Number of protein chains: 2
Amino acid sequence: MGEKVSIGEASRRCGVKVPTIRYYEQIGLLPAPPRTEANRRTFDPGYLRRLAFIRHARELGFEIDAIRTLLTLQDDPHQPCATADAIARARFAEVEQRIDSLNALKAELGVMIESCRHGKVGDCRVIEVLADHSQCTRPHH
Amino acid sequence: MGEKVSIGEASRRCGVKVPTIRYYEQIGLLPAPPRTEANRRTFDPGYLRRLAFIRHARELGFEIDAIRTLLTLQDDPHQPCATADAIARARFAEVEQRIDSLNALKAELGVMIESCRHGKVGDCRVIEVLADHSQCTRPHH
DNA sequence: CATTGCTCCTCTAGTCGCTAGAGGATGTAG
DNA sequence: CTACATCCTCTAGCGACTAGAGGAGCAATG
């Protein structure tokens, strides 16, 4: 079944851009794949799985370094998964925090936009609120 | 009242780090302030207001380029504020989107963490879900 | 067989918004 | 007078890519 594919095909299948794949190889997140006689990279199914793993983890906002750790964990299935769990939990906390602060932001922006009466800049609440932090409803930041 | 202050004082008052102030000057977001005889920058109250404006806008997530526009708008109070309004609305939409996608992410991470039974990596749901996108509850990304 | 056009290769440099550090001059307190 | 803080300029680095130059190979059509 699984045969070797070109970098373009790997890109299409995994949803990772060609230069990004090369970049991952360059920084050592992925090993250098074997080449054809014409010096082109060839990707086997295992490699594609790793690539898809990375893509998914990146979408979930994990940093490259965290992914590096997760990948090495994945390679040794007998290790306890406490590390993987900790990484996921840390990311969860980050995301929660980020949501909170974005919600505060959204409220702030909402007030700004609401109270803009679309006149001249001189009376614009958007500009005014930006100019004066003390007008913020909450000390969100 | 308003007298001229040093870069360190400006930094303290506006909550913008010293190198960042110099950086803003370098990229032309702020004008080059006058200097003392000993070549030190001096900041007057008007400059400090601009700096505070920038800081607040950055906290609200506006990009430097947007801030550049907002600053020039601020300088001409007779212009209609439609542009400022549009910038704020665009940012609002961005924030909303970001919140949505972070909520999806949070759910995903929550499921991962919940179903990790803290055994070996080989059975770890965290690793497993990352490796297989199709296990995601929703096609959030 | 030749040409066209796509994919691939390497390499360097750019993006954004800072941040860090070197190396040196000046200001302030004890 | 001597510390030490603050200031100056300049260059380089961060993360995670992205863009572009310049060149080679491969597949399909005429």
Side-chain angles (χ1 to χ4, degrees), chain A residues 4-30 32-43 47-48 50-51 53-71 87 90-91 94 98 101 105 141, chain B residues 3-30 32-43 47-48 50-71 87 90-91 94 98 141:
Chain A
K4 301 199 153 228
V5 300
S6 71
I7 198 168
E9 187 57 26
S11 167
R12 254 164 270 129
R13 291 203 198 167
C14 299
V16 179
K17 288 186 194 151
V18 169
T20 305
I21 297 174
R22 289 198 277 248
Y23 167 73
Y24 288 158
E25 179 188 332
Q26 188 194 300
I27 61 166
L29 184 61
L30 283 171
R35 306 278 185 123
T36 66
E37 285 186 12
N39 197 34
R40 283 152 187 235
R41 291 170 179 83
T42 56
F43 301 86
Y47 203 105
L48 295 184
R50 287 178 94 85
L51 194 47
F53 183 97
I54 293 171
R55 188 218 165 175
H56 197 189
R58 287 292 302 139
E59 278 172 350
L60 290 170
F62 289 92
E63 291 176 8
I64 298 282
D65 258 12
I67 297 174
R68 219 183 278 272
T69 306
L70 290 170
L71 276 172
I87 291 172
R91 179 73 196 135
E94 260 174 53
R98 191 91 187 100
S101 98
L105 228 68
H141 38 251
Chain B
E3 257 346 283
K4 298 196 154 231
V5 299
S6 72
I7 197 168
E9 186 58 25
S11 168
R12 255 165 267 129
R13 291 202 197 165
C14 300
V16 179
K17 288 185 194 153
V18 169
T20 305
I21 298 174
R22 288 197 277 248
Y23 168 74
Y24 288 159
E25 179 187 333
Q26 189 194 301
I27 60 167
L29 184 61
L30 283 171
R35 307 279 185 123
T36 66
E37 285 187 13
N39 197 34
R40 281 154 189 234
R41 290 170 180 84
T42 56
F43 301 86
Y47 202 105
L48 295 185
R50 285 177 95 85
L51 194 47
F53 182 97
I54 294 171
R55 189 217 164 175
H56 196 189
R58 287 294 301 140
E59 278 171 350
L60 290 170
F62 290 92
E63 291 177 8
I64 297 283
D65 257 11
I67 297 175
R68 219 184 279 273
T69 305
L70 290 171
L71 275 172
I87 291 172
R91 178 71 195 136
E94 259 175 53
R98 191 89 188 104
H141 40 254

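All chains are named by letter (A, B, ...) in the order of the sequence lines, taking the proteins before the strands, and each is independently numbered beginning at 1. The structure presented is a predicted model; accordingly, all values stated were derived computationally and were not measured.
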Report summary line: The contact string for nucleotides 24-30 of chain C, one letter per nucleotide 5' to 3', using protein heavy atoms under 4.0 Å with B, S and - for base, sugar-phosphate only and none, comes out as -BBS---

Report task. Give the B/S/- string for nucleotides 10-22 of chain D, one per nucleotide from 5' to 3', where a protein heavy atom under 4.0 Å of the base yields B, of only the sugar-phosphate yields S, and otherwise -. Result -> ------BBS----

Once you round it to whole Å, what is the distance between [atom2] of [N] and [atom1] of [X]?
X: R35(B); N: dC8(D); atom1: CZ; atom2: C1'; value: 8 Å
X: I21(B); N: dC7(D); atom1: CD1; atom2: P; value: 9 Å
X: N39(A); N: dG23(D); atom1: CG; atom2: P; value: 17 Å

Query raised in the report: Would you say S6(A) reaches dC8(C)'s phosphate, i.e. side-chain N/O to OP1/OP2 under 4.0 Å?
Result: yes

Can a donor-acceptor pair be found, under 3.5 Å and without considering hydrogens, that links the side chain of [X] to the backbone of [Y]?
X: R91(A); Y: G61(A); result: yes
X: R13(B); Y: L48(B); result: no
X: T42(A); Y: P34(A); result: yes

Query raised in the report: So what does I7(B) touch, heavy atoms closer than 4.0 Å: a base, only the sugar-phosphate, or nothing?
Result: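 Answer is sugar-phosphate: I7(B) comes under 4.0 Å of backbone atoms only.
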
Requested in this report: Check C14(B) against A52(B) and note the closest heavy-atom contact, atom names and distance.
Outcome: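 Nearest pair, atom of C14(B) first, then A52(B): SG-N, 4.2 Å.
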
Requested in this report: Mind listing the closest non-hydrogen atom pair of N39(B) and R35(B) along with its distance?
Outcome: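 In terms of heavy atoms, the two residues are closest at O-NH1, 2.9 Å.
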
**Report entry** First encountered from the 5' end of DNA chain D, between R41(B) and R12(B)
**Finding:**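 So the residue in question is R12(B).
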
Query raised in the report: Counting heavy atoms not belonging to R98(A), are there more than 12 under 6.0 Å from its CZ?
Result: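 12 or below, so no.
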
Query raised in the report: Of all residues at least two apart in sequence or in a different chain, which pass the side chain to side chain contact (heavy atoms under 4.5 Å, CB included) check with Y24(A)?
Result: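 Here the qualifying residues are V16(A), T20(A), I27(A), L29(A), L30(A), L51(A), I54(A), R58(A), I64(A).
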
**Report entry** Any side-chain heavy-atom pair of P33(B) and E25(B) under 4.5 Å
**Finding:**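 When only atoms from C-beta onward are counted, E25(B) and P33(B) do touch, with a gap below 4.5 Å.
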
